[in-house]
Structure formats: C-alpha cells, structure tokens
Amino acid sequence: MQEKTIITISRQYGSGGKEIAELLAEKLGVRCYDRQILYLAAEKMGDTDVDIESILESAYQTPDSSIGSMSTYGLEAVPYYNKMYREQAKVILQIADKGSAVFLGRCADAVLKENPDCYSFFVYADEAFRRERAKTHYGSQSLKELEKENKTRERYYNYYTGQKWGDMQNYDLMINTSKLSPEAAVDLILGYIEKRDPK
C-alpha cells in the first residue's frame, strides 16, 4: 500500500457503501469523510449558524434551469446561488492534499479524478438485497423510497461533474455487495489497490 492512499466510495442507497467506507477507514487508520464535508463547507461559507437539517437539505440541490453540466475543474463557474458544491469540492481537495483519507459520496471521485493517489469504487446491490436492507437498516423504508434518493444523487452528480453517476468508466472497480459481506468488500478493495500499485 502506498504511503498516501485516497479512496472514494460512491454507492447506491441501500447497498452498504457507508459501512464499507467506515470499515475501510478504520482498517487504514484514517478518517472517513461524509457529512463532515458539508459542515466544513458551510463553515467556509460563513454559515456557522445554519442548522444541520438546512445543510443536509441544501446538499443535493441543483439549479432548476438547464444551463448544462458544470465541470469539476471549473469550480468558479458554478452559479453563486449554489455555492455548496464548490465549497465541498475545495474542502475535498484540501483534505486529499494533506494525506490519506476515505471519502463517501460528495462527487469525490470526480473532484479527485486527476489525483494519482486516488482510487474510486462504486458499490451497488440487487433489488432484493436493497429491499431487505431498507427494512432492516433504513427504518422500514420501501425500495421505491431508496430509489428516489438514488435519483436525487444521480441528478446532482450528473449536473455538477458532467459525468454519469454509476457509469463504470468513472471508477476503478464496481462492487456488487448482494452476496458479499462488508468485510469481504473491504478486503476486495484493499486487494485491488495492492495489486494495481504494489510497493
């Protein structure tokens, strides 16, 4: 494993991606960044008094107008009325510049696309697995509710990155967790990194 290793995890809602990201960070002895990125971005925007729910509501907002995709590397071109994405991207770049980390979502795979120390993974699962997990891990939500969240993430990701969410071309490896434990998925990810870039 390289001295500096940055891992991004993108995932279908209900696939266990969050658990995998947290286990990865624990195994590597680094921090896992998810919602913390939102709080740090809000702080940089001077919104220190904004409540958590407001931050989360703004996290996946996209403009209603069809201006077109915003390239990750044209951060200053992002409209002023939705500074949250731009600030999140800046925070991600700053953290990645300092050392190893695991990023969950937040378009981190696109933001860090040119970083040579970054490995990107997409975690997904079949409908039966996610339907069952929706009952046990998401307060008895339905698969339809999980899919609604996925659509929101997809729309946000596609708009700001100019890439297609879930497209295999954007990731180093796609992992189906339907018949794979979170621990096994972590081992698969670490094994991939070691084989791709051995010491």
Side-chain angles (χ1 to χ4, degrees), residues 1-38 56 59-60 88 92 95-96 99-113 115-154 156-157 161 163-199:
M1 195 75 65
Q2 291 185 12
E3 187 176 327
K4 184 177 179 183
T5 303
I6 300 160
I7 298 173
T8 72
I9 302 290
S10 302
R11 83 286 192 198
Q12 273 187 320
Y13 199 43
S15 65
K18 180 173 181 171
E19 190 175 349
I20 291 167
E22 289 173 347
L23 284 171
L24 264 170
E26 185 180 336
K27 199 155 191 176
L28 291 171
V30 301
R31 286 194 65 178
C32 177
Y33 293 92
D34 180 13
R35 288 184 176 181
Q36 299 95 327
I37 299 296
L38 291 173
L56 292 174
Y60 287 116
Q88 285 184 86
I92 290 167
I95 292 170
S100 299
V102 175
F103 294 96
L104 179 63
R106 311 297 161 201
C107 302
D109 62 288
V111 173
L112 298 170
K113 192 174 184 177
N115 189 312
D117 302 313
C118 184
Y119 305 85
S120 297
F121 302 89
F122 189 88
V123 176
Y124 68 101
D126 61 36
E127 288 189 0
F129 178 87
R130 288 186 294 122
R131 185 180 291 111
E132 185 59 33
R133 194 173 168 84
K135 296 175 186 174
T136 59
H137 289 72
Y138 297 90
S140 298
Q141 289 190 42
S142 66
L143 181 62
K144 187 176 180 181
E145 289 172 304
L146 263 60
E147 289 297 350
K148 184 179 178 183
E149 176 67 20
N150 279 332
K151 287 294 180 187
T152 300
R153 289 178 177 177
E154 180 179 4
Y156 179 90
Y157 180 94
T161 70
Q163 298 179 170
K164 184 171 172 50
W165 183 79
D167 185 338
M168 67 181 80
Q169 300 294 327
N170 301 329
Y171 312 97
D172 290 298
L173 192 66
M174 307 279 283
I175 302 172
N176 185 340
T177 55
S178 302
K179 297 177 177 65
L180 206 61
S181 71
E183 291 79 11
V186 167
D187 289 342
L188 183 63
I189 289 169
L190 295 177
Y192 173 88
I193 293 171
E194 287 173 0
K195 282 180 170 54
R196 199 188 91 174
D197 292 307
K199 286 183 179 179

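What you are looking at is a predicted structure, and each value in this text was computed from that prediction instead of being measured.
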**N-O pairing of E19 and R133 below 4.0 Å** = yes
**Prompt:** If every non-hydrogen atom of G17 is compared with every non-hydrogen atom of L104, which pair is closest and at what distance?
**Reply:** O-CD1, 3.9 Å
**Asked** Is any side-chain heavy atom of K27 closer than 4.5 Å to a side-chain heavy atom of D187?
**Response** yes
**Request:** Enter the distance from Q88:CD to Y33:OH here, rounded to the nearest 0.5 Å.
**Result:** 14.5 Å
**Prompt:** Passes side chain to side chain contact (heavy atoms under 4.5 Å, CB included), R11 versus Y124? Steps please.
**Reply:** CA-CA 6 Å; R11 83 286 192 198; Y124 68 101; over 6 Å; no
**Worked check of ring pair (Phe, Tyr, Trp, His ring centres under 6.0 Å) between W165 and Y156** = CA-CA 9 Å; W165 183 79; Y156 179 90; over 10 Å; no
**Asked** Distance only, no hydrogens: is a donor on one side chain within 3.5 Å (strictly under) of an acceptor on the other, for D172 and S120?
**Response** no
**Prompt:** Has the side chain of T177 got a donor or acceptor atom that lies under 3.5 Å from a matching backbone atom of L180?
**Reply:** no
**Prompt:** In Å, rounded to the nearest 0.5 Å, how long is the span from CD1 of I92 to CD1 of I37?
**Reply:** 5.0 Å
**L190 side chain near L24 side chain, heavy-atom distance below 4.5 Å** = yes
**Request:** Determine the minimum heavy-atom distance between A96 and F103, stating which atoms define it.
**Result:** N-CZ, 4.2 Å
**Request:** Specify whether Y192 and F121 have parallel, tilted or perpendicular ring planes, treating 30° as the upper limit for parallel and 60° as the lower limit for perpendicular.
**Result:** perpendicular
**Message:** If I take atom OG from residue S15 and atom CD1 from residue I20, how far apart are they, to the nearest 0.5 angstrom?
**Reply:** 6.5 Å
**Request:** Decide, yes or no, whether a salt bridge links E147 with K151 under the criterion of side-chain N to carboxylate O below 4.0 Å.
**Result:** no
**Request:** Would you indicate whether the side-chain heavy atoms of R130 and L143 approach each other to under 4.5 Å?
**Result:** yes
**Asked** If you look at every heavy atom in S100 and V30, which pair is closest and at what distance?
**Response** CB-CG1, 3.6 Å
**Complete:** For L146 and G14, the nearest pair of non-hydrogen atoms, with its separation, is CD2-CA, 3.8 Å
**Fill in**
A110 and Q163 have their tightest heavy-atom pair at CB-NE2, 3.9 Å
**Fill in**
Value for OG (S10) from CD (E154), rounded to nearest 0.5 Å, stands at 12.5 Å
**Request:** With rounding to the nearest 0.5 Å, note down the distance linking CD in Q12 to CD in E149.
**Result:** 12.0 Å
**Asked** Stepwise, does the side chain to side chain contact (heavy atoms under 4.5 Å, CB included) test hold for Y119 with I6?
**Response** CA-CA 6 Å; Y119 305 85; I6 300 160; over 6 Å; no
**Message:** Quick check: closest heavy atoms across I7 and I9, and the distance to 0.1 Å?
**Reply:** CG2-CD1, 4.0 Å
**Request:** Decide side-chain hydrogen bond (donor to acceptor under 3.5 Å, both in side chains) for Y157 and D109; before the verdict, give the C-alpha distance in whole Å, the side-chain angles of both, and the deciding distance to 0.1 Å.
**Result:** CA-CA 10 Å; Y157 180 94; D109 62 288; 2.6 Å; yes
**Request:** Could you walk me through whether R106 and R35 pass the side chain to side chain contact (heavy atoms under 4.5 Å, CB included) test, one step at a time?
**Result:** CA-CA 9 Å; R106 311 297 161 201; R35 288 184 176 181; 3.8 Å; yes
**Request:** Flag the pair D126 / K179 as yes when at least one side-chain heavy-atom distance between them is below 4.5 Å, and no otherwise.
**Result:** yes
**Message:** Within the supplied structure, the quantity of interest is the number of heavy atoms (other residues, nucleotides, ligands) at a distance under 6.0 Å from E26 CD; does it exceed 12?
**Reply:** no
**Request:** Verify side chain to side chain contact (heavy atoms under 4.5 Å, CB included) between T8 and C118, making sure each step is shown before the conclusion.
**Result:** CA-CA 7 Å; T8 72; C118 184; 3.6 Å; yes
**Asked** Once you round to the nearest 0.5 Å, how far does CE of M168 lie from CZ of F122?
**Response** 11.0 Å
